[in-house]
Undergrad: 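Just passing along the structure, written as structure tokens.
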Amino acid sequence: MAESRKRSMKKIILGSRGSSLALVQAELTQTLLFERFPDLETEICIIATEGDIDRTSPLSSFGGRGAFVRSIESALLKNEIDVAVHSLKDLPSRLPEGLALGAVPVREDPRDALISLDGHTLADIPNGSIIATGSDRRRIQLEKIRPDISFRNIRGNIETRIGKLGLAGIEGIVLACAGIKRLGLENHITQIFSTEELLPAPCQGALGLECRADDQDVLHLLGLIDNPEIRPCVDVERTFIATLGMGCHAPVAALASMEGEQITFTGLVAGKNGLIFRESRTIYYKEAEDAARSLAEKFRKSMEGL
């Protein structure tokens, strides 16, 4: 057992990025743990990641969204922290050896939102306007709706992106609803896209708590705040992207929802020349991961045939 665990479970250290959103999520984790374990002390340790240090290069230039988690995972493996707090969509579907996804306790609205300069919806934005987004997934889907609009790559935290509205001709910005709402900035939202218009990134809006796979004490704690309605859905989404094998910066979308004993799953991947493969399946929840795996294999074969 790790040395840090021998001192008893009176305190655990949470590792987090230093952005406003990341800290809100770390504090939310503290609250969830306190509600379940009022005698447990928690501390937040801020860790700078590659994606935080370099805020201009495209994510694909340093391995996609894993750039936001590698430094935190390293601290976890070195026993410097006990739990890594992530936006689950940033966490690659295949974890490093020795680490485990201990809990997915909450999920905010998984949809995407538009914040525009003059309060326009996507339909009302003037022809030839510029929309900023750092996501090929968003760009490719939105181009199908408004092929006349230009898209510009943008990175940085949510507040920074909103601050760029109106600069360099940027008419609007597309962001995840979850981050906007967690920061209390929902009054800026002009339009929330339906999942039919814009299917979200796998696990978007979900909070992921990662720990060492052999840390039974922490695994037990996290297991008690894991959400039994959310976890099966994100597991299906992660199975889809793992099977697809395209990396977490690829234009891939997925969303699963549970109702009773059934899960409805929709997967999407963009291929060459803007071709989009999209399909939905509704299936008994115990068979949903197999269905997601089958759909990913179908998409992969279709793309190989292009």
Side-chain angles (χ1 to χ4, degrees), residues 16-26 46 48-69 71 86-87 89-90 108-194 197-201 204-205 248-253 270:
S16 169
R17 296 169 61 197
S19 70
S20 297
L21 177 58
L23 291 175
V24 164
Q25 294 180 160
I46 296 175
T49 69
E50 297 167 78
D52 297 313
I53 295 168
D54 181 348
R55 298 189 179 187
T56 57
S57 300
L59 289 176
S60 57
S61 68
F62 41 135
R65 296 192 175 275
F68 292 122
V69 305
S71 297
H86 304 292
S87 292
K89 74 172 183 177
D90 290 339
E108 182 53 270
D109 189 336
R111 297 173 296 175
D112 288 300
L114 171 69
I115 298 176
S116 68
L117 187 62
D118 297 314
H120 290 136
T121 65
L122 186 68
D124 298 330
I125 284 178
N127 289 356
S129 293
I130 297 172
I131 298 295
T133 174
S135 163
D136 285 340
R137 169 190 63 83
R138 292 178 179 135
R139 176 184 57 79
I140 289 168
Q141 292 183 79
L142 293 176
E143 281 178 338
K144 295 295 184 181
I145 303 173
R146 287 294 304 271
D148 60 293
I149 288 178
S150 298
F151 291 87
R152 181 171 298 165
N153 186 63
I154 190 171
R155 284 196 50 210
N157 60 41
I158 290 173
E159 301 96 327
T160 300
R161 296 189 200 193
I162 292 175
K164 291 182 179 179
L165 273 173
L167 301 178
I170 295 175
E171 172 70 23
I173 298 173
V174 182
L175 300 164
C177 276
I180 299 171
K181 290 183 176 182
R182 283 187 174 135
L183 289 175
L185 299 174
E186 51 264 70
N187 60 306
H188 290 277
I189 294 176
T190 305
Q191 176 184 359
I192 295 178
F193 294 102
S194 71
E197 294 172 310
L198 184 49
L199 195 67
Q204 186 158 294
C248 52
H249 62 280
V252 174

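Note: hydrogens, waters and symmetry copies are ignored here, and every other heavy atom, side chains too, is used.
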Undergrad: Could you report the tightest heavy-atom contact between Ile140 and Pro251, atom names first, then the distance?
TA: CD1-CB, 3.7 Å
Undergrad: Indicate the atoms forming the closest heavy-atom contact of Pro200 with Pro110, along with that distance.
TA: CB-O, 3.0 Å
Undergrad: Please assess Ser135 against Val174 for the test side-chain contact (heavy atoms from CB on, under 4.5 Å), listing each intermediate value before the final yes or no.
TA: CA-CA 9 Å; Ser135 163; Val174 182; over 6 Å; no
Undergrad: According to salt bridge (charged side-chain N to carboxylate O under 4.0 Å, His left out), who are the partners of Arg139, at least two apart in sequence or on a separate chain?
TA: Asp136, Glu143
Undergrad: Would you name the heavy atoms of Gly205 and Ala178 that are closest together and state the gap between them?
TA: CA-CB, 3.5 Å
Undergrad: Evaluate the side-chain contact (heavy atoms from CB on, under 4.5 Å) criterion for residues Ile149 and Leu142: first the C-alpha distance (whole Å), next the side-chain angles of each, then the deciding distance (0.1 Å), finally the verdict.
TA: CA-CA 9 Å; Ile149 288 178; Leu142 293 176; over 6 Å; no
Undergrad: I'd like to know if the side chain of Ser116 pairs up with that of Glu171 as donor and acceptor (distance under 3.5 Å, no hydrogens or angles considered).
TA: no
Undergrad: What distance do Ile173 atom CD1 and Arg138 atom CZ have between them, rounded to the nearest 0.5 Å?
TA: 11.0 Å
Undergrad: When you look at Leu114 and Ile131, which way does the side-chain contact (heavy atoms from CB on, under 4.5 Å) test go after all the steps?
TA: CA-CA 9 Å; Leu114 171 69; Ile131 298 295; 4.2 Å; yes
Undergrad: Within the structure provided, determine whether Leu175 and Ile115 are in side-chain contact (heavy-atom separation under 4.5 Å).
TA: yes
Undergrad: Decide yes or no for Leu21 and Asn157: does some side-chain heavy atom of the first lie under 4.5 Å from some side-chain heavy atom of the second?
TA: no
Undergrad: What I'd like to find out is whether the side chain of Ile158 reaches to under 4.5 Å of the side chain of Arg161, using heavy atoms alone.
TA: no
Undergrad: Scan Gln204, Lys181, Arg182 and name whichever one has a side-chain hydrogen bond (donor to acceptor under 3.5 Å, both in side chains) with Asp109.
TA: Lys181
Undergrad: Could you grab the distance from atom CD1 of Ile170 to atom CD1 of Ile130, nearest 0.5 Å is fine?
TA: 7.0 Å
Undergrad: If every non-hydrogen atom of Ala168 is compared with every non-hydrogen atom of Arg152, which pair is closest and at what distance?
TA: O-NH1, 2.6 Å
Undergrad: Rounded to the nearest 0.5 Å, how far apart are CZ of Arg146 and CD1 of Ile125?
TA: 7.0 Å
Undergrad: Would you please test Thr133 and Phe151 for side-chain contact (heavy atoms from CB on, under 4.5 Å) and show each step?
TA: CA-CA 7 Å; Thr133 174; Phe151 291 87; 4.1 Å; yes
Undergrad: Would you name the heavy atoms of Leu199 and Gln141 that are closest together and state the gap between them?
TA: N-OE1, 2.8 Å
Undergrad: Please report the interatomic distance CG(Leu165) to CG(Asp118), rounded to the nearest 0.5 Å.
TA: 9.5 Å
Undergrad: Is a side-chain N or O of Arg17 found less than 3.5 angstrom from the main chain of Ile46, in a donor-acceptor match?
TA: no
Undergrad: For Ser150, give me all partners under side-chain hydrogen bond (donor to acceptor under 3.5 Å, both in side chains), at least two apart in sequence or on another chain.
TA: none
Undergrad: Is there side-chain contact between Arg111 and Glu197, with heavy atoms separated by less than 4.5 Å?
TA: no
Undergrad: Please determine if Asp112 and Arg137 form a salt bridge, counting it only when a charged side-chain N lies under 4.0 Å from a carboxylate O.
TA: yes
Undergrad: To the nearest 0.5 Å, how far apart are OG in Ser19 and CD in Glu159?
TA: 7.5 Å
Undergrad: On a heavy-atom basis, which atom in Val69 and which in His86 lie closest, and how many Å separate them?
TA: CG1-ND1, 3.5 Å
Undergrad: Are Gln25 and Ser87 linked by a side-chain donor-acceptor pair shorter than 3.5 Å?
TA: yes
